[in-house]
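Just so we're on the same page: letters track the sequence lines, and every chain starts at 1. The basis for the numbers below is simple: all heavy atoms, side chains too, and nothing from hydrogens, waters or symmetry mates.
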Amino acid sequence: MDQPNARTAEIITILAQTYPKAGCELNFSNPYQLLIATILSAQCTDIKVNAVTKSLFADYPSAQEIIKLSQTELENIIRPLGLFHNKARNILSTSQILLDRYQGEVPSDMASLVSLPGVGRKTANVILSNAFNFPALAVDTHVFRVSRRLDLTRGKTPHQVELDLTAQIPRDLWSKTHHLLIWHGRRICKAQKPACPSCPLLDLCPSAQ
DNA sequence: ATCCCGAGGG
DNA sequence: CCCTCTGGAT
């Protein structure tokens with residue numbers, strides 16, 4: 001924590017009390033499955049991702065199995081999730097690279113992760129924190145929107161928001177804060193019609209209506 | 001019409 | 001910086 005911030009700490013405390021069960025909502029049983037589920041999660045809800053990965057991972061639990069699928073076969077499986085062409089191509093390419101260069105395992109460092117096709121900084125941070133328990137704060141659409149509404153940051157890019165948040169939050173709370181902001185963004189601080197009257201942060205939020 | 005645990009390309 | 005990819009839910 002470079003700059004202790006009492007207001008930020010208070011917000012996190014309130015969110016933690018409001019959402020005691022906040023955590024990863026993607027289903028997975030190993031780092032590879034979380035990687036695939038996170039790639040699939042772009043622009044769709046995790047509920048739909050879980051519906052698809054349940055049978056996908058049952059039939060194709062690892063990289064060795066996934067690459068047996070053709071591009072078209074994988075596209076047909078993941079089609080309901082949208083962006084299916086790019087996702088299928090990236091999943092097959094990434095899986096092949098994992099087998100060729102990483103013994104079929106998922107690397108646990110940022111540089112290696114973001115070098116994989118279809119894996120950007122947000123996905124890499126999700127893997128680092130949820131699969132390997134490293135301190136990381138992934139900035140997705142919810143974290144971006146909620147933290148800006150609360151004026152925790154005025155960063156204009158997800159990366160800048162990540163830098164601002166990690167600078168004012170203790171390391172051991174980075175992953176927790178990621179989940180708290182997502183849960184809050186889904187349930188109360190929604191993009192379209194935020195439920196400000198029932199928000200536990202009403203008095204702390206400069207964007208409240 | 002807008003958004004959903006984004007990433008890559010121009 | 002912009003644009004494109006995409007089905008499904010609200």
Side-chain angles (χ1 to χ4, degrees), chain A residues 15 19 21-28 31-56 71-72 74-95 97-98 106-107 110-150 152-153 155-162 165-166 174-195 207:
Chain A
L15 289 178
Y19 311 109
K21 293 183 179 178
C24 185
E25 296 188 280
L26 290 172
N27 296 140
F28 65 99
Y32 175 76
Q33 291 185 359
L34 178 61
L35 176 60
I36 300 308
T38 308
I39 290 175
L40 289 173
S41 72
Q43 295 298 306
C44 75
T45 63
D46 56 346
I47 294 174
K48 296 198 308 185
V49 173
N50 289 334
V52 165
T53 56
K54 182 173 183 179
S55 58
L56 177 65
Q71 165 95 20
T72 304
L74 185 52
E75 285 182 359
N76 287 334
I77 295 172
I78 69 174
R79 173 165 277 123
L81 305 182
L83 308 180
F84 60 89
H85 188 66
N86 285 337
K87 289 177 182 176
R89 181 164 38 78
N90 288 332
I91 287 171
L92 291 174
S93 299
T94 281
S95 297
I97 292 171
L98 293 182
V106 178
M110 174 64 75
S112 298
L113 284 168
V114 297
S115 76
L116 299 169
V119 180
R121 190 174 181 87
K122 178 259 170 177
T123 297
N125 275 325
V126 168
I127 305 305
L128 291 174
S129 58
N130 291 303
F132 297 116
N133 289 318
F134 291 163
L137 205 167
V139 176
D140 71 339
T141 182
H142 296 296
V143 174
F144 187 80
R145 179 184 68 255
V146 175
S147 60
R148 283 170 52 88
R149 281 179 176 169
L150 285 165
L152 295 175
T153 173
K156 300 192 186 311
T157 66
H159 193 6
Q160 185 59 53
V161 168
E162 178 189 334
L165 292 180
T166 53
W174 288 356
S175 179
K176 186 55 152 182
T177 301
H178 159 77
H179 289 121
L180 290 172
L181 291 175
I182 285 178
W183 277 49
H184 188 57
R186 285 182 178 154
R187 292 159 178 77
I188 302 289
C189 197
K190 296 179 284 188
Q192 286 183 285
K193 202 167 167 258
S207 306

- Just how far, in rounded Å, is P of B:dC5 from CG of A:L81? 12 Å
- Query: Given atom CZ of A:R89 and atom P of B:dG6, what is their separation to the nearest angstrom?
  - Reply: 18 Å
- Item | For atom NE2 of A:H142 and atom C1' of B:dT2, their distance in whole Å | 13 Å
- Of all of residues 185-195 of chain A, which get a heavy atom below 4.0 angstrom from DNA chain B, listed by number? A:R186, A:A191, A:Q192
- Message: Taking only the P atom of each, what is the distance from B:dG9 to C:dT6 in whole angstrom?
- Response: 14 Å
- Do any N or O atoms from the side chain of A:R149 and from the backbone of A:R145 form a donor-acceptor pair under 3.5 angstrom? no
- Task: Would you confirm whether A:N50, through its side chain, and A:N27, through its main-chain N or O, come within 3.5 Å as a donor-acceptor pair?
- Result: yes
- Item | Euclidean distance, atom CG of residue A:D46 to atom P of C:dG7 [Å, nearest integer] | 20 Å
- To the nearest 0.5 Å, atom NE2 of A:H179 lies from atom CD of A:E25 at 8.5 Å
- Query: Just by modelled atom types, is the A:P117 backbone N or O under 3.5 Å from a matching donor or acceptor in the A:T94 side chain?
  - Reply: yes
- Task: Identify the two heavy atoms, one from A:I127 and one from A:L35, that lie closest to each other, and give their separation to 0.1 Å.
- Result: CD1-CA, 3.5 Å
- Item | Atom-to-atom span, CG of A:L74 to P of C:dT6 - whole angstrom | 13 Å
- Closest-nucleotide ordering on DNA chain C, the 5'-leading residue of A:K156 and A:C44: A:K156
Could you go through nucleotides 8-10 of chain B and list every protein N or O atom that sits under 3.5 Å from one of its N or O atoms, giving the distance for each pair?
unit_1 : atom_1 : unit_2 : atom_2 : d
B:dG8  : OP1    : A:G118 : N      : 2.8

- Mind checking the P distance from C:dC3 to B:dC5? Whole angstroms is fine. 24 Å
- Item | Interatomic distance, A:L83 CG vs B:dC3 P [rounded to whole Å] | 16 Å
- Task: Provide the closest heavy-atom pair for A:G118 versus A:I39 in the form atom of the first, atom of the second, distance.
- Result: O-CG1, 3.9 Å
- Item | Check: A:N125 and A:V139 side chains under 4.5 Å, non-hydrogen atoms | no
- Task: If a pair satisfies salt bridge (charged side-chain N to carboxylate O under 4.0 Å, His left out) and one of its residues is in residues 77-95 of chain A, list it, with sequence neighbours excluded.
- Result: none
- Message: Check this one for me: any side-chain N or O of A:T38 less than 4.0 Å away from OP1 or OP2 of B:dC5?
- Response: no
- Query: Do you know which two heavy atoms are closest between A:A37 and A:V49, and how far apart they sit?
  - Reply: O-CG1, 3.6 Å
- Whole-Å gap separating P (C:dC1) and CD (A:Q160): 12 Å
- Task: Select base, sugar-phosphate, or nothing to describe what A:R145 touches, counting heavy atoms under 4.0 Å on all strands.
- Result: sugar-phosphate
- Task: Just call it for A:T123: base, sugar-phosphate, or nothing, with non-hydrogen atoms closer than 4.0 Å on any strand.
- Result: sugar-phosphate
- Task: May I ask you to evaluate whether A:H85 reaches the phosphate of C:dC5, defined as a side-chain N or O under 4.0 Å from OP1 or OP2?
- Result: no
- Item | Nucleotide B:dC3, atom P - distance to CG of A:D140 in whole Å | 15 Å
- Message: Quick check on C:dA9: is either OP1 or OP2 less than 4.0 Å from any side-chain nitrogen or oxygen of A:T45?
- Response: no
- Indicate the atoms forming the closest heavy-atom contact of A:I36 with A:S95, along with that distance. CD1-OG, 4.4 Å
- Picking from B:dG6, B:dC5, C:dG7, the nucleotide nearest the side-chain atoms of A:K48 would be C:dG7
- Query: From the list B:dA7, B:dC4, C:dC1, which nucleotide is the closest neighbour of the side chain of A:T157?
  - Reply: C:dC1
- Quick one: is A:R79 getting a side-chain N or O under 4.0 Å of the C:dG8 phosphate, OP1 or OP2? no
